[in-house]
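All figures in this text were calculated on a predicted structure; none of them were measured in a lab. Residues: numbered from 1 along the sequence shown.
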Amino acid sequence: MDSPSIGVAFFGEAAFVEVAAGRYLFALVSNGAGWASDTFAPIAVERNFTSRMRLIEASRGDPAKDIPRDRWPMLVTFEDITKPETVREVEPEDLAAVFGEGVRLQAVRLEITEEAVTEGALDALLPWLETYPEAALLPKIDPNDWSLRATLRHGDFIRRP
(Lines give C-alpha, C1' and ligand atoms only; values in the text may rest on other atoms or scores of the structure.)
Protein backbone atom coordinates (compact mmCIF):
# COMPACT_ATOMS: atom_id res chain seq x y z
CA MET A 1 0.00 0.00 0.00
CA ASP A 2 1.41 3.36 -1.01
CA SER A 3 0.83 6.25 1.29
CA PRO A 4 1.54 9.88 0.53
CA SER A 5 4.44 11.41 2.34
CA ILE A 6 5.74 14.87 2.91
CA GLY A 7 9.22 15.91 3.87
CA VAL A 8 10.58 19.03 5.45
CA ALA A 9 13.95 20.46 4.51
CA PHE A 10 15.28 23.59 6.12
CA PHE A 11 18.34 25.43 4.81
CA GLY A 12 19.78 28.80 5.62
CA GLU A 13 21.83 30.87 7.99
CA ALA A 14 21.15 32.25 11.42
CA ALA A 15 19.86 35.78 11.30
CA PHE A 16 22.26 38.20 12.93
CA VAL A 17 22.67 41.87 13.62
CA GLU A 18 25.64 43.93 14.76
CA VAL A 19 24.18 45.48 17.91
CA ALA A 20 27.33 47.33 18.97
CA ALA A 21 30.70 47.71 17.27
CA GLY A 22 31.99 44.15 16.80
CA ARG A 23 29.21 42.68 19.00
CA TYR A 24 26.64 40.52 17.26
CA LEU A 25 23.34 38.95 18.20
CA PHE A 26 22.47 35.66 16.45
CA ALA A 27 19.05 34.03 16.18
CA LEU A 28 19.86 30.35 15.77
CA VAL A 29 18.25 28.31 13.01
CA SER A 30 17.50 25.32 15.24
CA ASN A 31 13.84 24.33 14.86
CA GLY A 32 13.22 26.64 11.91
CA ALA A 33 10.41 24.45 10.62
CA GLY A 34 8.82 24.71 14.07
CA TRP A 35 8.76 28.51 14.00
CA ALA A 36 7.17 28.49 10.57
CA SER A 37 4.56 26.03 11.74
CA ASP A 38 3.81 27.90 14.97
CA THR A 39 3.66 31.23 13.14
CA PHE A 40 1.77 30.39 9.95
CA ALA A 41 -0.06 27.15 10.82
CA PRO A 42 -0.44 26.67 14.57
CA ILE A 43 -1.80 23.39 15.87
CA ALA A 44 -4.87 25.29 17.09
CA VAL A 45 -5.67 25.95 13.42
CA GLU A 46 -4.58 22.64 11.89
CA ARG A 47 -3.44 19.45 13.63
CA ASN A 48 -2.52 17.41 10.56
CA PHE A 49 1.21 17.74 9.78
CA THR A 50 0.80 17.59 6.00
CA SER A 51 -1.93 20.23 6.09
CA ARG A 52 0.21 22.44 8.32
CA MET A 53 3.11 22.23 5.87
CA ARG A 54 0.76 23.14 3.01
CA LEU A 55 -0.48 26.17 4.97
CA ILE A 56 3.12 27.30 5.42
CA GLU A 57 3.79 26.86 1.69
CA ALA A 58 0.61 28.81 0.90
CA SER A 59 1.91 31.67 3.09
CA ARG A 60 4.73 32.37 0.64
CA GLY A 61 4.57 36.04 -0.29
CA ASP A 62 2.28 36.97 2.61
CA PRO A 63 3.41 39.78 4.92
CA ALA A 64 5.85 38.87 7.68
CA LYS A 65 4.31 37.75 10.96
CA ASP A 66 5.50 37.94 14.54
CA ILE A 67 6.73 34.60 15.87
CA PRO A 68 4.86 33.86 19.13
CA ARG A 69 7.05 34.96 22.04
CA ASP A 70 7.25 31.49 23.58
CA ARG A 71 8.60 30.12 20.27
CA TRP A 72 11.37 32.64 19.59
CA PRO A 73 14.66 31.13 18.49
CA MET A 74 17.56 30.90 20.89
CA LEU A 75 19.62 34.10 20.86
CA VAL A 76 23.36 33.99 21.39
CA THR A 77 26.42 36.18 21.20
CA PHE A 78 30.16 35.66 21.56
CA GLU A 79 32.48 37.40 23.97
CA ASP A 80 35.11 36.96 21.23
CA ILE A 81 33.66 36.25 17.79
CA THR A 82 36.83 34.41 16.75
CA LYS A 83 36.46 31.88 19.59
CA PRO A 84 33.39 29.63 19.45
CA GLU A 85 33.90 28.58 23.06
CA THR A 86 32.98 32.12 24.18
CA VAL A 87 29.35 31.68 23.10
CA ARG A 88 26.68 32.71 25.56
CA GLU A 89 22.93 32.73 25.48
CA VAL A 90 21.23 36.11 25.56
CA GLU A 91 17.90 36.50 27.30
CA PRO A 92 15.54 38.36 24.94
CA GLU A 93 14.14 40.45 27.80
CA ASP A 94 17.59 41.55 28.94
CA LEU A 95 19.66 42.50 25.88
CA ALA A 96 20.79 45.59 27.76
CA ALA A 97 22.75 43.39 30.19
CA VAL A 98 24.92 42.21 27.30
CA PHE A 99 24.87 45.07 24.79
CA GLY A 100 24.31 48.15 26.92
CA GLU A 101 21.55 50.37 28.18
CA GLY A 102 18.68 51.04 25.83
CA VAL A 103 19.11 47.87 23.76
CA ARG A 104 15.95 45.79 23.60
CA LEU A 105 14.20 43.35 21.31
CA GLN A 106 10.65 44.24 20.36
CA ALA A 107 9.68 41.37 18.05
CA VAL A 108 10.95 38.48 16.00
CA ARG A 109 9.29 38.29 12.60
CA LEU A 110 9.19 35.55 9.99
CA GLU A 111 8.37 35.72 6.31
CA ILE A 112 8.05 32.92 3.77
CA THR A 113 9.63 34.26 0.58
CA GLU A 114 10.73 33.33 -2.92
CA GLU A 115 14.17 34.81 -2.22
CA ALA A 116 17.22 32.60 -2.47
CA VAL A 117 18.63 31.15 0.73
CA THR A 118 21.28 33.47 2.10
CA GLU A 119 24.79 32.16 1.73
CA GLY A 120 28.21 33.37 2.74
CA ALA A 121 27.46 36.17 5.19
CA LEU A 122 27.68 33.89 8.20
CA ASP A 123 30.74 32.06 6.85
CA ALA A 124 32.48 35.41 6.46
CA LEU A 125 31.64 36.41 10.04
CA LEU A 126 32.26 32.97 11.60
CA PRO A 127 35.00 31.43 9.41
CA TRP A 128 35.47 28.60 11.90
CA LEU A 129 32.06 27.11 10.97
CA GLU A 130 32.48 23.67 9.46
CA THR A 131 30.34 21.64 7.10
CA TYR A 132 28.55 18.36 7.77
CA PRO A 133 28.98 16.44 9.95
CA GLU A 134 28.15 19.34 12.18
CA ALA A 135 30.82 19.66 14.78
CA ALA A 136 30.21 20.94 18.27
CA LEU A 137 31.40 24.45 19.05
CA LEU A 138 33.90 22.99 21.51
CA PRO A 139 36.62 20.84 19.97
CA LYS A 140 36.64 18.43 22.93
CA ILE A 141 33.54 17.77 24.97
CA ASP A 142 33.26 16.13 28.35
CA PRO A 143 30.34 13.68 28.01
CA ASN A 144 28.93 15.05 31.27
CA ASP A 145 29.02 18.66 30.08
CA TRP A 146 25.52 19.83 29.14
CA SER A 147 26.39 23.52 28.99
CA LEU A 148 25.39 25.66 26.03
CA ARG A 149 28.97 25.62 24.73
CA ALA A 150 29.00 21.82 24.76
CA THR A 151 25.58 21.25 23.21
CA LEU A 152 25.52 23.80 20.39
CA ARG A 153 26.52 22.55 16.95
CA HIS A 154 27.62 24.36 13.83
CA GLY A 155 24.23 23.36 12.38
CA ASP A 156 22.53 25.61 14.92
CA PHE A 157 24.06 28.52 12.99
CA ILE A 158 23.83 27.29 9.42
CA ARG A 159 21.95 24.53 7.60
CA ARG A 160 23.47 23.60 4.28
CA PRO A 161 21.69 21.71 1.48
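Screening residues 95-114 for salt bridge (Lys or Arg N to Asp or Glu O under 4.0 Å), with sequence neighbours left out, gives R60-E114, D66-R109. The list of side-chain hydrogen bond (donor to acceptor under 3.5 Å, both in side chains) pairs with a residue in residues 68-78, not counting sequence neighbours, reads D38-R71, R69-E93. For residues 108-129, the set of pairs meeting the ring-ring contact (aromatic ring centres under 6.0 Å, His included) definition, not counting sequence neighbours, comprises F78-W128, W128-H154. For residues 83-102, there are no ring-ring contact (aromatic ring centres under 6.0 Å, His included) pairs, not counting sequence neighbours.
Within the 4.5 Å cutoff, the side chain of L95 has heavy atoms near those of the L25 side chain. Inter-residue side-chain proximity for V19 and Y24 is flagged as unmet; no heavy-atom pair is nearer than 4.5 Å. Using a 4.5 Å heavy-atom threshold, the side chains of V76 and V90 count as separate. At least one side-chain heavy atom of P73 sits less than 4.5 Å from a side-chain heavy atom of V108. Within the 4.5 Å cutoff, no side-chain heavy atoms of F26 are placed close to those of V17.
A salt bridge does not link E18 to R23: none of the charged nitrogens lies less than 4.0 Å from a carboxylate oxygen.
Distance CZ/R88 to CD/E85: 15.0 Å, rounded to 0.5 Å. Here the CG-CZ distance, from L28 to F157, works out to 5.0 Å after rounding to the nearest 0.5 Å. Taking CG from D123 and CD1 from I158, the interatomic distance works out to 4.5 Å, rounded to the nearest 0.5 Å. To the nearest 0.5 Å, the span separating CG on L110 from CD1 on I67 amounts to 4.5 Å.
Looking at every heavy atom in both residues, R153 comes nearest to D156 through N-OD2, 2.7 Å.
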Report the C-alpha distance between D62 and I112 in whole Å, list the side-chain angles of each, state the deciding distance to 0.1 Å, and finish with yes or no for side-chain contact (heavy atoms from CB on, under 4.5 Å).
-> CA-CA 7 Å; D62 288 354; I112 310 298; over 6 Å; no
Go through the steps to decide whether M74 and L148 satisfy the test side-chain contact (heavy atoms from CB on, under 4.5 Å), and finish with yes or no.
-> CA-CA 11 Å; M74 179 183 286; L148 178 70; 3.5 Å; yes
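Not counting sequence neighbours, the partners of A121 by the side chain to side chain contact (heavy atoms under 4.5 Å, CB included) test are E13, F16. Residues satisfying the side chain to side chain contact (heavy atoms under 4.5 Å, CB included) test with T151, not counting sequence neighbours, are W146. The salt bridge (Lys or Arg N to Asp or Glu O under 4.0 Å) check on D94 picks up nothing, with sequence neighbours excluded. With sequence neighbours excluded, the residues that form a side chain to side chain contact (heavy atoms under 4.5 Å, CB included) with N144 are D142. Every residue was checked against the side-chain hydrogen bond (donor to acceptor under 3.5 Å, both in side chains) condition with E89, not counting sequence neighbours, and none meets it. In this structure A15 satisfies the side chain to side chain contact (heavy atoms under 4.5 Å, CB included) test together with A27, sequence neighbours excluded. Here S51 pairs with N48 under the side-chain hydrogen bond (donor to acceptor under 3.5 Å, both in side chains) rule; sequence neighbours left out.
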